[in-house]
Amino acid sequence: MNMEINKVPNALPDAQQLKRMQFVARMRAKSDDLGIPFIGGFMDEETGEVFMQTNMDYEEASNMLPELLQSE
């Protein structure tokens, strides 16, 4: 899986995306406080763009993602 790190967007996300991003960031912050591993994010339904945050080693998280993202 090829992911770009620290990709700078061409425009600011809309209000709904910002709310989703904030929700993921809050979950990560709580996981950090509790000292537990975290991978969280969402996929924009219209563009297919994925937003993800993790407090795990990037390579470890990347290896877990294909399994976690399998469609049912």
Side-chain angles (χ1 to χ4, degrees):
M1 179 175 283
N2 185 9
M3 294 183 165
E4 294 183 40
I5 299 175
N6 298 325
K7 182 179 171 188
V8 178
N10 293 334
L12 290 175
D14 64 25
Q16 185 64 29
Q17 278 187 310
L18 286 174
K19 286 180 185 179
R20 291 177 181 171
M21 293 166 90
Q22 183 180 37
F23 182 73
V24 173
R26 286 180 177 165
M27 289 190 303
R28 178 186 173 177
K30 188 62 173 178
S31 296
D32 288 345
D33 291 345
L34 296 172
I36 58 175
F38 174 80
I39 299 175
F42 65 90
M43 179 183 290
D44 186 296
E45 299 87 9
E46 293 178 15
T47 66
E49 183 179 1
V50 174
F51 174 79
M52 183 191 91
Q53 285 194 353
T54 183
N55 60 6
M56 300 170 62
D57 174 69
Y58 177 76
E59 189 149 333
E60 182 182 0
S62 295
N63 290 335
M64 294 175 69
L65 281 176
E67 183 178 321
L68 294 172
L69 296 176
Q70 286 180 353
S71 61
E72 296 179 4

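Rounding to the nearest 0.5 angstrom, the gap separating the CZ atom in F42 from the CD atom in Q16 is 8.5 Å. Between atom CG of residue D14 and atom CG of residue D44 there is a gap of 7.5 Å, rounded to the nearest 0.5 Å.
Scored by the side-chain contact (heavy atoms from CB on, under 4.5 Å) test, F23 finds M27 as partners (sequence neighbours excluded). Taking the salt bridge (charged side-chain N to carboxylate O under 4.0 Å, His left out) definition, one finds that D32 meets it with R28, sequence neighbours left out.
Ion pairing of R20 with E45 is present here, as a side-chain N (NZ or NE/NH1/NH2) and a carboxylate O approach within less than 4.0 Å.
By the rule that hydrophobic residues join a cluster once side-chain heavy atoms approach within less than 4.5 Å of another member, I39 and M21 end up as members of separate clusters. Both L18 and F51 are part of a single hydrophobic cluster, where members link through side-chain heavy atoms under 4.5 Å apart.
The two residues A25 and Q53 have their closest heavy-atom pair at CA-OE1, 3.4 Å. Between T54 and A61, the shortest heavy-atom distance links the atoms OG1-CB, 3.9 Å.
Within a 6.0 Å radius of CD in E59, other residues, nucleotides and ligands contribute 12 heavy atoms or fewer.
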